[in-house]
Amino acid sequence: MSQYFSADPSTIGARKGTLTTRAGKVLTPTFMPDGTRGAVKSLTPEQVISTGVQVVLANTFHLHLQPGEEVIHKLGGLHKFANRKAPILTDSGGFQVFSLAKIRKIAEEGVTFKDPRTGDTIFLSPEKSIQIQIRLGADMIVAFDDVVALDDIGRGRTQEAYERTHRWLERNVAEFKRLTKDMKPDDRPLLFGVAQGGLDKELRRRSLELVHASGVDGVAIGGLSVGETRAEMHDMLEYLATFYDPARPRFLLGVGDPADLRFAVEHGIDMLDCVLPTRNARHGTAWISGDQKVHLTNQKYADDAGPIDDSCDCATCAAGYSRGFLRHQFKVGEPLAGTLVSIHNIRYLERICEDYRNQL
RNA sequence: GCGGGGUUAGUGAAGCGGUCAAACACAGCAGACUGUAAAUCUGCCCUCUCCGAGUUCGUAGGUUCGAAUCCUACACCCCGCA
């Protein structure tokens, strides 16, 4: 068992574990909200902590563009910069290969992006991404991979993306070793390698083997929730469940719908991140008991005095903010509404994870 | 009182003889968002028995094959001069 992770010996199904990072221990399974630009949108770090969150993500691509890793380094590193002492994980920028597909060009060396804001040319490669992530000062970092959509068009590129992801994985690992060789084991960040392979089970299984063989600290599952159906995603998660290395943490990238999160945890996933709780919140939708979705902007809530969810212990529900109040704040465009519902939605996912940890 | 301008769907505002149930914006209603170019985007938004039909563009007449668009009268609003 790794010095950084311990979990139940069970290899299939939900499991409880402890991940040890240089910024503290993380109990798994755990949901990690995305703070892409250094902050979970609309929330203070204190509000994030109030939801039970243990790890917050930040994004390499976005922070590299603005304000730049040198500025953040100068300001004391990501923790000081973002006013967060607890663990921070940075994503590599690989997802932007997918989400910014219209303004990027992939080559073997790396990916060239056009900054959507300034038009500047941005270059990201495995080496560059690792350098930025380490410079930022994240406690857990992710290998730079090649992400394809799983819509009808993207599926044709699965094999190519799989192959490139693994050629790049070696470069990610080499650069990581180079930059961390002088760090003490307790002081170095943890590296997650990413498994790809689209909806091809053979590729997925081999991808997982390659990630395991690369010696990384954790295994990330990428390339899901990018256009495939829910059934296809679940099928793949179910398939992969038997092939994970029991000694390493498994991080499912980008999944955060409550039903999907449950399914993932029940199939051996330890960590998940997603923009859904905060984005949905800003757009006026909240999850309530039973994984139901509530559109708080609906007219029927205009005079509803009740909280978002009677059985919720989040700060928003506990304080008694009514659906009628929240609907009004949404209708008048007051950002407070998005903040209050973000707290609720993140808490909703954290509570699911806590329940699993308490049951196991 | 005289001269000029105006009156369009919930609001603002295009249209100025046919392709107009009428651009566009806002408001309203519903929905979508899964490693955040997302406080964004999509649909609906006169009525109905809603793949079609029926009533609209201050009111009432008129011209025309055909009018929100032209003419006449009236009503109301705005600006000048009295």
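Below, each value reflects all heavy atoms present in this structure, side chains not excepted, and no hydrogens, waters or symmetry copies. Quick note on labels: first sequence line is chain A, next is B, and so on, each numbered from 1.
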Ring of A/H62 versus six-membered ring of B/U36: centres under 5.5 Å and planes under 30°?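 The base of B/U36 is not stacked with A/H62 (the test needs centres under 5.5 Å and planes under 30°).
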Give one of base, sugar-phosphate or nothing for [X], where a contact means two heavy atoms less than 4.0 Å apart.
X	value
A/R37	sugar-phosphate
A/R230	base
A/G256	base
A/Q66	nothing
A/D273	sugar-phosphate
A/S92	base
A/R262	nothing
A/V226	nothing

Paired with [N]: which nucleotide, if any, by Watson-Crick or G-U wobble criteria at under 3.5 Å for both distances?
N	value
B/G43	B/C29
B/A73	B/U59
B/G1	B/C81
B/C24	B/G12
B/A38	none

Of the listed nucleotides [options], the one nearest the side chain of [X]:
X	options	answer
A/Q299	B/C29, B/A32, B/G35	B/C29
A/R327	B/C29, B/A39, B/U36	B/C29
A/K293	B/C33, B/G35, B/A37	B/C33
A/K331	B/U36, B/G35, B/C29	B/C29
A/R282	B/A39, B/A37, B/G35	B/A39
A/L276	B/C33, B/G35, B/U36	B/C33
A/D91	B/A38, B/G35, B/A30	B/G35

Between [atom2] on [N] and [atom1] on [X], what's the gap in Å once rounded to a whole number?
X	N	atom1	atom2	value
A/N298	B/G28	CG	C1'	13 Å
A/F98	B/U36	CZ	C1'	11 Å
A/N59	B/A37	CG	C1'	11 Å
A/L100	B/U36	CG	P	10 Å
A/L296	B/G31	CG	C1'	14 Å
A/R279	B/C33	CZ	C1'	6 Å
A/Q329	B/A39	CD	P	18 Å
A/L124	B/A37	CG	C1'	15 Å

Pair [X] + [Y]: basic N to acidic O under 4.0 Å:
X	Y	answer
A/E109	A/R171	yes
A/D139	A/R22	yes
A/R347	A/E354	yes
A/E127	A/R178	no

When A/D91 is tested against each of A/D273, A/I141, A/V142 for side-chain contact (heavy atoms from CB on, under 4.5 Å), which residue passes?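 Passing option: A/V142.
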For RNA chain B, whose closest nucleotide is more 5', that of A/P335 or that of A/G284?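 Taking each residue's closest nucleotide, the earlier one in sequence belongs to A/G284.
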